[in-house]
A.B. asks: 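Dumping the structure here so I can ask a few things about it.
So that the names make sense, note that chain A is the first sequence line, chain B the second, and so on, each numbered from 1.
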2 protein chains.
Amino acid sequence: MATNTVVEEVLAALEQADTLEGINDAIYALKEHFSVDNMVYHWVDSAGAQYGYGTYRLDWAARYQEQNYLRIDPVVIGCYQRFHPVDWKRLDWSSKAARAFQAEAIKYGVGNQGYTIPIRGPNGQFALFTVNSTCDDETWSRFTEDNRRELILIAHYFNQKALEFEPNKKPEQSQSLSPREIDAMTLLAIGYNRAQVAETLSISEHTLRVYIESARFKLGANNTTHAVARALSRGLIVV
Amino acid sequence: MATNTVVEEVLAALEQADTLEGINDAIYALKEHFSVDNMVYHWVDSAGAQYGYGTYRLDWAARYQEQNYLRIDPVVIGCYQRFHPVDWKRLDWSSKAARAFQAEAIKYGVGNQGYTIPIRGPNGQFALFTVNSTCDDETWSRFTEDNRRELILIAHYFNQKALEFEPNKKPEQSQSLSPREIDAMTLLAIGYNRAQVAETLSISEHTLRVYIESARFKLGANNTTHAVARALSRGLIVV
DNA sequence: TATTCCCTCCCCAGAAATAGCGATGCGTGG
DNA sequence: CCACGCATCGCTATTTCTGGGGAGGGAATA
């Protein structure tokens, strides 16, 4: 693989980088190397906010944020349910909003072809690493096939860097739930009400409440729904 | 990178594999190539169950399962909080149970040195990819530094394969939610109660209730908590 | 040995969610 | 043009959840 050396060098540089400029240098170097329109890492935050670095035009980033495109971007929605990298063509562009979004994106300099790698970290962290460009289907297929592995690695390294920079204001967020609390949250998440959960766990409803309360406290949640949502998005329970 | 070709070949073979034997062939080939004691992929289920494939002795796998070592294994616990691959030396072996566990593992043929890569997929899926061997610290450091990138890629491909085999796919492709329903679900998921959601959306609480109800109906959910949980795990909302 | 979880059980009052029944307008697509 | 989904508003009664109190035993850890 001829490209290997260049990528290796950039990744090595990235590993050393300790400033945002270093990261930007890396991402621009990679963009040049791969000859694509854009190369972007962005962290999808739990609040729906997001940030990242990459080569998108600033007005597009602002527009995206302002219009809350996160909610309709098929790339985000599609990647959220996938593990493997995905070509944009294979996403669901059937809705009108999605097509309008795509048309607008292209106007803002986003390529018509794209390839995005979903990345997940602890506590439900979720990020995307995207390359996109303007070319025909065949060229793009060849590109992604040739570079898939490098891109996966690059995505991994960018996310690692992002996690390093993230001050991780999580003093009690990392608190895990007790087995009983996990049981309770899980059963609530699959639609049981308190009485059913208590019966399933063979405990009194009062005891169950203690678990729900303590889980809620640990998760910093305002109510049961919030607690279950947090437990889910942090990967503490699976439904 | 001299090792590249071999790894590429095995990964290509793995991509084609459609049986468990194919996967085992790949993992043994890689074990030989890297000259390590063990190379193991295992899927960690939140319920405590797990499965995987690799080169651990069967009696060790059985013992691990039977003793529920998942709960005390510092590798699992440590990796759960991390994104980047981790050398076993850097984990927390301070507890008595952890040291006893390690001593027993070595007796069962697990190397004294290890390197584990955490991997995460959609819906909180979590897996580990581990190589371990018996050698001194310096040799092991050199090994992990030289092979980190290959190992990350290998881990990625094994997980991709595991996800393909997993019948976990949700066939019930639920209809999507309307924008207002998404708003409602999202705000509920971040802890707002009905009154707060209604105020945030500048609608009456009665109207809000209609959204919650219709979202609940679409999602086939028994209650609000269930609906939010489903919306989250189907990636319809991002929190 | 002391401390700190974890699990279990109990009461009560007030707040919130659910299950029914409505209604009106406004777009989009067949 | 008409149906259908969407957004918006209303009422009542019942069930469920939440937020305060408590208490005791056991296991693990420091």
A.B. asks: Over 60° means perpendicular and under 30° means parallel, so classify the ring planes of A:W93 and A:F101, tilted if in between.
C.D. replies: parallel
A.B. asks: Roughly, in whole Å, what's the span from CG in A:L208 to C1' in C:dC10?
C.D. replies: 14 Å
A.B. asks: Let me check the geometry of the helix from C:dT1-D:dA30 to C:dG30-D:dC1. What is the bend angle between the axes at its two ends, five pairs each, to 10°?
C.D. replies: 70°
A.B. asks: Thinking salt bridges, do B:E104 and B:K107 make one under a 4.0 Å N-O criterion?
C.D. replies: no
A.B. asks: Answer with yes or no whether the side chains of B:N38 and B:N132 bring together a donor and an acceptor at under 3.5 Å.
C.D. replies: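 Their side chains do contain a donor-acceptor pair, which is all the 3.5 Å distance test asks for.
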A.B. asks: Rounded at 0.5 Å granularity, tell me how far CG in A:D37 sits from OG1 in A:T55.
C.D. replies: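 The distance works out to 8.0 Å.
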A.B. asks: Round to a whole Å and report the spacing from CG of A:D183 to C1' of C:dT8.
C.D. replies: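 A:D183 atom CG is separated from C:dT8 atom C1' by 14 Å.
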A.B. asks: Which atom pairs, donor and acceptor, lie under 3.5 Å between side-chain atoms of residues 178-187 of chain B and protein residues at least two apart or in another chain?
C.D. replies:
| from | atom 1 | to | atom 2 | distance (Å) |
| --- | --- | --- | --- | --- |
| B:S178 | OG | B:E181 | N | 3.3 |
| B:S178 | OG | B:E181 | OE1 | 3.3 |
| B:R180 | NH1 | B:D183 | OD2 | 3.4 |
| B:R180 | NH2 | B:L201 | O | 3.1 |
| B:E181 | OE1 | B:S178 | N | 2.7 |
| B:E181 | OE1 | B:K218 | NZ | 2.8 |
| B:E181 | OE2 | B:S214 | OG | 2.6 |
| B:T186 | OG1 | B:I182 | O | 2.6 |

A.B. asks: Using a cut-off of 4.0 Å between protein heavy atoms and nucleotide atoms, how would you tag nucleotides 12-30 of chain C 5' to 3' with B, S and -?
C.D. replies: B---SBBBB----------
A.B. asks: Which pair of heavy atoms, one from A:Y64 and one from A:D73, lies closest together, and at what distance?
C.D. replies: OH-OD2, 2.6 Å
A.B. asks: Is the distance between the ring centroids of A:H156 and A:F129 under 6.0 Å?
C.D. replies: no
A.B. asks: Taking atom CD1 of A:I119 and atom NE2 of A:H42, what is their separation to the nearest 0.5 Å?
C.D. replies: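 So the CD1 of A:I119 and the NE2 of A:H42 are separated by 9.5 Å.
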A.B. asks: Nearest whole Å is fine: how far is D:dG19 P from A:F217 CZ?
C.D. replies: 12 Å
A.B. asks: Would you mind reading off the distance between B:H226 atom NE2 and D:dC17 atom C1', rounded to a whole angstrom?
C.D. replies: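 One finds 18 Å between C1' of D:dC17 and NE2 of B:H226, rounded.
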A.B. asks: How would you label the contact of A:S204 with the nucleic acid (heavy atoms, under 4.0 Å): base, sugar-phosphate, or nothing?
C.D. replies: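 Here A:S204 touches the backbone only, sparing every base.
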A.B. asks: Tell me whether the OP1 or OP2 atom of D:dC6 has a side-chain N or O from B:K218 closer than 4.0 Å.
C.D. replies: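 Yes.
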A.B. asks: C:dC9 C1' sits how many Å from A:L201 CG, rounded?
C.D. replies: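 Taking CG of A:L201 and C1' of C:dC9, I get 15 Å after rounding.
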A.B. asks: Can you figure out which of C:dC9, D:dA7, C:dC7 approaches the side chain of A:S178 most closely?
C.D. replies: C:dC7
A.B. asks: Walk me through whether A:Y69 and A:W60 qualify under side-chain contact (heavy atoms from CB on, under 4.5 Å).
C.D. replies: CA-CA 11 Å; A:Y69 278 153; A:W60 172 238; 4.0 Å; yes
A.B. asks: Just N and O in the side chain of B:Y211: are any of them under 4.0 Å from OP1 or OP2 of D:dC6?
C.D. replies: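 False: B:Y211 side-chain N/O out of range (4.0 Å or more) of D:dC6 OP1/OP2.
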A.B. asks: Do any side-chain nitrogens or oxygens of B:T207 fall under 4.0 Å of OP1 or OP2 in D:dC9?
C.D. replies: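 For B:T207, the contact criterion (side-chain N or O under 4.0 Å from OP1 or OP2 of D:dC9) is met.
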